[in-house]
Amino acid sequence: MGSRRRRGQHHGRWVVPSVAPAAAAFTAAGLLLVVVAFHCFLSPPLGGGGGGVRRHNPPFLLNKPAELRRNLVGTVDFTVPSGGSRLGEELWTSKTAHHFVGCSDATKEFAADAKAVTEPNRYLMIATSGGLNQQRTGIIDAVVAARILNATLVIPKLDQASFWNDASDFGEIFDADSFISSLANDVKIIRQVPDRNGKTPSPYKMRVPRKCTPKCYENRVLPALLKKHVVQLTKFDYRVSNRLETDLQKLRCRVNYHALKFTDPILEMGRLLVQRMRAKSGRFIALHLRFEPDMLAFSGCYFGGGEIERRELGAIRKRWDTLHESNPDRERRHGKCPLTPEEVGFMLRALGFGKDVHLYVASGDVYGGEETLAPLKALFPNFHSKETLSSKEELAPFLPFSSRMAALDYVVCDDSDVFVTNNNGNMARMLAGRRRYFGHKRTIRPNSKKLSSLFLNRTSMSWDTFASKVQMYQKGFMGEPNEIKPGKGEFHEHPMDCICARTKRRTGPSKPYLSNRAREAAGNHTSDAEFDWSDLDYGENTPLGGDSSTETDPDYGRIAGPDIPELEDILSD
């Protein structure tokens, strides 16, 4: 439509001044040639006008007509190479990764016997919230909360009523026996509260604010626990402070990286997917794409789709009445917008990954469907997913359960040679931290703040210039050790207290990742203030359910400091 309107402007008469006949003829001929050339330049290619109504290509794709015209007008060569760089192993692994090792053993000062620190008649129950990885954070912090309160932890109850609509219980996703036995020296864990007088006691339900400190738990939860004996903390996601003493941070790591394991069926299927990827290629990249409609709507970003996109994503965004009015330009300037699949492909090629690299994509339904994915598949034709690698019969036991399907992606992404995330959500953070803990495996997060402006101006520079800028902007976003300053970052993504530098002698003890001086400078903790809580994943803002008349107001007595909105059913994982 746009190109036809522009052509129509040149169909009127051109007025030529009265001059000498030869000059007039020459001038008229010259103008006519200009008009014809301009008309042809703006005309669509042959075969572009079909008889039926066709929805336009998603405007964020490079091969849309306007983009092609800018490329033709430009005087630079933006030809994307098919081959990779000559970096070799350095591209796939960090040179310094072997200097660090995960270290989460309890210190001598941390009592190693749960029986000695567990008080009788204190039972802590937890109701998690959100999708698989958000619930994982709740389970980890539930163990920490129980230790702070010297309470017995009851196996956490998973969220079965949110957007994810997954009826799985804890034991259908995680190995409950391993969870209980692995943490026996830290926290006493049981499957259910013991009966009293032949009846199961009803828990007192309450909610603590996000980032609740140990003192917060002692002041808020302990009195209720002493009086009621059985307390259930609801909507338990990010309810323990990012800042904790080292012993409690190490406990978090023991839970996350050792005690919390998937069930055998999930692990076996996940490892089978990895095996099939390795059979196709010795090594591969796993990409957590996150370009689903709900993700884009929550981001408040605009991807150039005109009124159709504004209407479709705007309708989805109305689910969250606590969200501020979207300002797409501001979100993009601040690096809050996910890259399009095409942009992810450009970034990877610019970093040096060639066309022959195999890509495993963990994603839901991509906005725009196959048309949106087409440029990424053109750049990386060896494109795989759990659906393409397995049969319907193999996936049948997992298909009805969103969390179990997400767990399969988690296993493959964890075991990939390179993990690329396109957002800073729960799965991205959890996997980034895990991969740091187990050897700093290459983990790439786009520097969206810098890359967004680069992508907008890519046609004004050569490919070599573009690639050089991408490589420069991505320094510090490639999963290298020491990428962040001591004391900064969200703990699940940067588990600094649980990473130690190897000593020169292999038999000697490992040294802490942070020196004592660095710990003192950082306040011996990671900082909540440095964690952008607005990055936490999005959710449906449904009215609070009437869980119990004993549940306290979630906003009652918030602790100081920034906090994220109370988004009820978290979607992103």
Side-chain angles (χ1 to χ4, degrees), residues 58-60 130-131 133-134 210 237-238 242 287-305 309-310 312-344 346-347 363-364 366-368 372 420-432 443-458 469-470 473-474 476-477 483-484 488-490 492-494 528-541 562-567 570-573:
F60 37 79
N133 293 288
Q134 180 154 338
R210 284 196 167 97
D237 57 339
Y238 293 94
N242 192 47
L287 167 63
H288 189 216
L289 189 55
R290 291 309 278 126
F291 206 73
E292 295 90 346
D294 50 3
M295 174 67 182
L296 305 188
F298 181 83
S299 73
C301 300
Y302 175 65
F303 298 90
E309 179 190 312
R310 290 190 179 94
E312 291 175 346
L313 299 186
I316 299 173
R317 189 174 172 84
K318 289 179 181 178
R319 296 175 183 172
W320 304 286
D321 54 17
T322 58
L323 291 181
H324 57 73
E325 185 176 352
S326 64
N327 185 330
D329 291 337
R330 180 187 63 197
E331 300 301 327
R332 191 166 294 280
R333 285 196 309 271
H334 292 173
K336 303 296 184 183
C337 298
L339 303 186
T340 68
E342 179 187 51
E343 290 170 343
V344 172
F346 280 154
M347 178 191 72
S363 177
V366 172
Y367 183 61
T372 305
V420 181
T421 173
N422 192 27
N423 77 323
N424 203 28
N426 288 312
M427 180 172 173
R429 290 193 191 96
M430 298 303 285
L431 277 169
T443 302
I444 301 174
R445 180 165 64 90
N447 182 358
S448 301
K449 191 172 183 178
K450 293 282 189 180
L451 292 181
S452 60
S453 61
L454 182 62
F455 284 124
L456 288 175
N457 297 293
R458 64 181 179 264
K469 288 181 178 290
V470 169
Y473 292 157
Q474 280 302 118
F477 292 80
E483 278 189 340
I484 66 167
K488 296 183 182 292
E490 194 269 337
H492 293 304
E493 184 177 5
H494 300 280
D528 279 306
E530 294 297 332
F531 179 29
D532 186 354
W533 291 90
S534 66
D535 282 343
L536 280 180
D537 298 324
Y538 53 92
E540 298 247 314
N541 187 28
D563 203 357
I564 66 169
E566 190 72 15
L567 301 176
I570 301 299
L571 306 184
S572 175
D573 225 41

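Nothing fancy with the numbering, it's 1 onward along the sequence.
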Margin query: Checking Ser452 now: which residues fulfil side chain to side chain contact (heavy atoms under 4.5 Å, CB included) with it, not counting sequence neighbours?
Written below: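 Partners of Ser452 under the side chain to side chain contact (heavy atoms under 4.5 Å, CB included) test: Arg332.
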Next item on the list: Kindly write out the residues that satisfy side chain to side chain contact (heavy atoms under 4.5 Å, CB included) with Ala297, not counting sequence neighbours, or none if the list is empty.
Entry: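 In terms of side chain to side chain contact (heavy atoms under 4.5 Å, CB included), with neighbours along the sequence ignored, Ala297 is linked to Leu313, Ile316, Arg317, Trp320.
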I'd like to know if the side chain of [X] and the backbone of [Y] have a donor-acceptor N/O pair within less than 3.5 Å.
X      : Y      : value
Glu309 : Gly305 : yes
Glu292 : Asp294 : no
Glu493 : Asn426 : no
Glu342 : Thr372 : no
Asn242 : Gly489 : yes

Looking only at heavy atoms, what is the nearest atom pair of [X] and [Y], with distance?
X      : Y      : value
Tyr367 : Pro293 : CD1-CG, 4.0 Å
Thr421 : Ala428 : OG1-CB, 3.0 Å
Leu289 : Val344 : CD1-CG2, 4.4 Å
Pro338 : Phe303 : O-CE2, 3.5 Å

Checklist line | salt bridge (charged side-chain N to carboxylate O under 4.0 Å, His left out) partners for Glu331, two or more places apart | finding: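 With neighbours one apart ignored, the set is empty.
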Do the non-hydrogen side-chain atoms of [X] and [Y] ever get within less than 4.5 Å of each other?
X      : Y      : answer
Glu490 : Tyr238 : yes
Phe455 : Thr340 : no
Arg429 : Asn424 : yes
Leu454 : Val470 : yes

Atom [atom1] of [X] and atom [atom2] of [Y]: how far apart are they, to the nearest 0.5 Å?
X      : Y      : atom1 : atom2 : answer
Ile444 : Asn422 : CD1   : CG    : 12.0 Å
Asn423 : Arg445 : CG    : CZ    : 10.0 Å
Met430 : Asn133 : CE    : CG    : 6.5 Å
Lys469 : Arg458 : NZ    : CZ    : 15.0 Å
Met295 : Arg290 : CE    : CZ    : 5.5 Å
Lys336 : Arg330 : NZ    : CZ    : 10.5 Å

Note to self: Taking ring-ring contact (aromatic ring centres under 6.0 Å, His included) as the definition, give me every residue that meets it alongside Tyr473, ordered by chain and number, with sequence neighbours left out.
What the structure shows: none
Item checked: With Arg333 via side-chain hydrogen bond (donor to acceptor under 3.5 Å, both in side chains) - residues at least two apart -> none
Note to self: Checking Ser448 now: which residues fulfil side-chain hydrogen bond (donor to acceptor under 3.5 Å, both in side chains) with it, not counting sequence neighbours?
What the structure shows: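 Result, side-chain hydrogen bond (donor to acceptor under 3.5 Å, both in side chains) vs Ser448: none returned.
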Next item on the list: Determine, step by step, whether Leu451 and Glu343 satisfy the side-chain contact (heavy atoms from CB on, under 4.5 Å) criterion, reporting the C-alpha distance in whole Å, the side-chain angles of both residues, the deciding distance to 0.1 Å, and the verdict.
Entry: CA-CA 9 Å; Leu451 292 181; Glu343 290 170 343; over 6 Å; no
